[in-house]
Structures are given as structure tokens and as C-alpha cells.
Amino acid sequence: MMKTYNIIGKMKEQTRCEICGERLRFDRFQTYCENCGNVVEDMPINFGKEFANVDPEKAEKRTRTGSPMTQTDSDLGLSTNVGNFSDLKKFNAKDRFKMLRIMRWNKRVSVALERNLKSAFSELNRISNYLKLPKSIEEEGKRIYRDAVQRNLVRGRSMEKVVAAALYTACRINDLPRTLDELSEASSIEKKEIGKTYRFITRELKIRMYPSNPVDYIARFACELKLSPGTQTKAVEILEMTQKKELTSGRGPTGIAAAALYIAALINGEKRTQREVADVAGVTEVTIRNRYKELIRKLKLEKLIKNKKRKNLMVSQQSS
DNA sequence: AAGACGAAAGTGGTTGA
DNA sequence: TCAACAACTTTCGTCTT
């Protein structure tokens, strides 16, 4: 939603606080009353240059003022207009007619496009909020969706699918991968549909994707399993060893992450059942078992685990 | 009784002819 | 386009704790 502020007008008509009658103060961020703390208005117009560009050379050229540009407004804050009525005078009768038609079509197309983007973005917002994704990823998702629309990739596909896929892609790009299951739950679209659309749009938009890194999942899974930071670190160590031995290729990253966490928890005496780990990682126990077996074999962790088990046994016997 | 383990059959995607 | 194939899932019986 676009808010317009008329600060000059406000300043003129409202220099005193409505509540206590004291004079209002202004700073860069808000208009407020020093006496009673009443905030009359926050987020005023940004009078400075756009600060998105840090490169000093380019920064000189960027003299657009106002708030930073954002993908969040469905028309980027700038809509296209083809010609205007005063331009019409420049054409002869025939071309004038043509021009009129183009203008009319452009209007129609932009309205349709805008309507599409608006509903798509509100769906995208909803999913992103549900998954508690950062703003930057939301923006990325919107950028991807916009590209998809412009390349005519949405036609014949439901908008929701493309939105879900765009968000999924955005997460992957920013190394905050969500599982297809999570996206599926948030968007109520089938997992395989999202996957299919995801593959389609990354191919068509030539977005090069690398397989996601298991390490990126650890923090989130560990948090859900309420594992200690030490265990998390251990799991990451295990993953690093795993990657050195090239055990990760071809395997599902979530399965590997899950197995590493399972092992780390076992070693640090915070045991979780395979089922618990499997559930948060969105894989089955069988997969964890398979990965687990591979990992402890190749990383020579068998002894460690066995010792641990023996110790646990002793502890339980002592207590009983 | 719950968890771990493993075999067997099925699913969806990739690859190479 | 189709068959082979690798990874993963589902299901189920057995063993361990």
C-alpha cells in the first residue's frame, strides 16, 4: 500500500500536539511531541539521495530522491505510459488514429498486468509471512515472479504455483533454503507441482542453481529439535568432514543434514529418535538410517558411537 | 512398548541412446 | 521418446533396549 505524505501541509496545520498542546518536534524519522511522546507521523519523505548505491561514482549520477525503490509496489513505482494526448498533435490523421489505439492497448495491458502482479504479490506476502522469511527474500521472490510474468511463463500455469516456486527459488539463491514440504504447507500446493514449476522457471529464466548445502539446514533443524549450540557446531563439523570425503554428491541435502544432526546429538548425549529428526527434516527414518550408516562408516565414527552407548548404559545401570 | 534396523516393492526424476 | 538407473519413500517384519 502506497502512502503519500504531505509533510509541508502537516507542518503548517499541525505544529502543536493535539493531546497536550505543546509544540511538535521533527527529526529525520518522525514528527513527535517532546512533552507527552505523542507521535504524529513517522516515516516522513526521505529527502536524501537514494542510498542503495554505494559506489561513489555511480552515486553521483543517482540523484533520484524519495524512498528507496522497491519491488514491493506492484508497478515498481513507475508505470509505463506510451505517449500522451498532447503528443497526438505531432501525427497526421492516420498515425494519430494508430497512436490512439496503441495508447489504449497499453493502458489495458498495464492494468491487466498490474492486477495480476497485485494479487500475486499479496499471495507471495502471505506465504513469506507464514514462513517468516526476511524482506530481502520476499523482494527477490517478487523480482523472479515479475521476470516470469514478463517472459510469459505464467500463462497456462496457476499464479499460485509460480509464486510458490519463485519464493522457493529466492530462498535457495540466498542460502536460506526451505524444503519443498514447507513451501507446500504454506501455499497449499502440492510439493511436486512446486518442484516442477521451480525447475521450469529456473530453466527459462536461466537462473543457475547449485544444489543446496546441507549446512544451511542445520541451524533451523537444530532449533526445532531444541538441540544445544554445541551439537549444532558438531553437526557442522561432521558435514565438513563429509564434504571433504565427497559423500554428499547425489544425495538429498536434507537427508545428509538430518543424519549429521542425529549423529551429533548422539555424540553429545542429547539423543533424539530417528523419527523426531526425520520429521523436522522432512525425510523418512529409512533415509536417515542409510545416511547415518554411510557417515559413521566413512568417517570412522563407529568407535565413538559405541563408546558413547557403553557410557550411557553404565549411567543408566548406576541410576537403577 | 518403543525405537532401531533392514528388506522389498513402489514413486518420480534424470540421463543417455 | 523411452528404458535404465539412482535416490528416496512406504510398508512391514524382526531385533534391541
Side-chain angles (χ1 to χ4, degrees), chain A residues 153 157-158 161-162 164-165 168-169 171-172 177-185 187-218 220-221 224-227 231 235 238-239 242-243 245-320:
Chain A
L153 304 180
R157 248 166 281 274
S158 77
K161 277 185 211 170
V162 182
Y168 177 72
T169 313
C171 290
R172 292 273 303 264
R178 304 288 124 155
T179 60
L180 281 174
D181 282 310
E182 289 169 293
L183 255 300
S184 175
E185 199 211 322
S187 64
S188 65
I189 291 173
E190 273 188 66
K191 186 175 149 187
K192 55 179 176 179
E193 288 298 324
I194 301 177
K196 220 185 276 176
T197 316
Y198 155 76
R199 277 192 301 279
F200 179 73
I201 65 173
T202 47
R203 177 155 35 90
E204 292 298 316
L205 296 178
K206 304 229 169 17
I207 301 175
R208 257 203 312 161
M209 294 298 306
Y210 301 99
S212 58
N213 186 340
V215 176
D216 296 328
Y217 291 101
I218 291 294
R220 209 150 43 82
F221 292 167
E224 271 189 67
L225 287 167
K226 302 202 171 29
L227 289 168
T231 306
I238 292 173
L239 284 180
T242 310
Q243 276 163 350
K245 301 219 167 189
E246 291 172 344
L247 292 175
T248 49
S249 72
R251 306 275 136 90
T254 45
I256 297 179
L261 260 179
Y262 177 69
I263 295 173
L266 219 56
I267 292 175
N268 280 10
E270 299 181 37
K271 184 161 198 258
R272 298 289 182 275
T273 65
Q274 294 181 349
R275 167 134 298 282
E276 286 172 310
V277 182
D279 278 346
V280 302
V283 294
T284 58
E285 297 156 86
V286 181
T287 305
I288 295 201
R289 274 204 291 276
N290 292 336
R291 291 297 88 76
Y292 163 76
K293 253 184 5 190
E294 283 173 19
L295 292 193
I296 61 171
R297 163 115 36 88
K298 300 271 170 69
L299 299 179
K300 309 215 180 349
L301 289 169
E302 288 120 318
K303 267 195 229 160
L304 235 169
I305 304 268
K306 270 186 192 157
N307 286 342
K308 199 76 210 173
K309 274 185 187 167
R310 206 169 304 148
K311 263 185 209 164
N312 285 345
L313 204 69
M314 277 158 66
V315 169
S316 64
Q317 278 171 350
Q318 272 175 6
S319 62
S320 68

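Order of the sequence lines fixes the chain letters, A, B, ..., with proteins taken first and strands second; residue numbering starts at 1 for each chain. Quick caveat: nothing in here was measured; it's all calculated off a predicted structure.
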Rounded interatomic separation in angstrom, taking [atom1] from [X] and [atom2] from [N]:
X: Ile256(A); N: dC8(C); atom1: CD1; atom2: P; result: 7 Å
X: Lys196(A); N: dG12(B); atom1: NZ; atom2: P; result: 10 Å
X: Ile288(A); N: dA4(B); atom1: CD1; atom2: P; result: 10 Å
X: Asp279(A); N: dA4(B); atom1: CG; atom2: P; result: 12 Å
X: Arg275(A); N: dA4(B); atom1: CZ; atom2: P; result: 10 Å
X: Ile194(A); N: dG13(B); atom1: CD1; atom2: P; result: 13 Å
X: Leu266(A); N: dT17(C); atom1: CG; atom2: C1'; result: 14 Å
X: Asn290(A); N: dA6(C); atom1: CG; atom2: P; result: 15 Å

For Cys171(A) and Arg178(A), which heavy atoms make the closest approach, and how far apart are they?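 The pair with the smallest heavy-atom distance is SG-CG, 3.8 Å.
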Least distance between heavy atoms, Ala235(A) atom then Ala264(A) atom: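 What the structure gives for the nearest pair is N-CB, 3.6 Å.
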Give a yes or no on whether a donor-acceptor pair under 3.5 Å exists between the nucleobase atoms of dG13(B), that is its base, and the side chain of Arg199(A).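 A donor-acceptor contact between them is absent.
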[X] side-chain proximity, nearest of [options]:
X: Tyr292(A); options: dC5(B), dT10(C), dA4(B); answer: dC5(B)
X: Lys271(A); options: dG13(B), dG3(B), dC5(B); answer: dG3(B)
X: Arg251(A); options: dA7(C), dG13(B), dG3(B); answer: dA7(C)
X: Gln274(A); options: dT11(C), dA4(B), dC8(C); answer: dA4(B)
X: Thr273(A); options: dA4(B), dC8(C), dG6(B); answer: dA4(B)

Could you tell me whether the phosphate oxygens of dA4(B), OP1 or OP2, come under 4.0 Å of any side-chain nitrogen or oxygen in Lys293(A)?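 Checking Lys293(A) against dA4(B): no side-chain N or O falls below 4.0 Å of OP1 or OP2.
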Any side-chain N or O of Arg291(A) less than 4.0 Å from the OP1 or OP2 oxygen of dC8(C)?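 For dC8(C), OP1 or OP2 has a side-chain N or O of Arg291(A) closer than 4.0 Å.
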Opposite nucleotide pairing with dT14(C), Watson-Crick or G-U, both atom distances under 3.5 Å: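 For dT14(C), the partner nucleotide comes out as dA4(B), under the 3.5 Å rule.
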Please check this pair: side chain of Arg272(A) against backbone of Lys226(A), looking for a donor-acceptor N/O pair closer than 3.5 Å.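 Yes.
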On DNA chain B, compare the nucleotides closest to Tyr262(A) and Val286(A); which residue's is nearer the 5' end?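 Whichever sits nearer the 5' end wins; that is Tyr262(A).
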Nearest 0.5 Å, what's the OG-CG distance between Ser188(A) and Leu183(A)?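 CG of Leu183(A) is found 11.5 Å from OG of Ser188(A).
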Per the side-chain hydrogen bond (donor to acceptor under 3.5 Å, both in side chains) rule, which among Lys298(A), Arg291(A), Arg297(A) passes with Glu294(A)?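 So, applying the side-chain hydrogen bond (donor to acceptor under 3.5 Å, both in side chains) to Glu294(A) and each of Lys298(A), Arg291(A), Arg297(A), only Arg291(A) qualifies.
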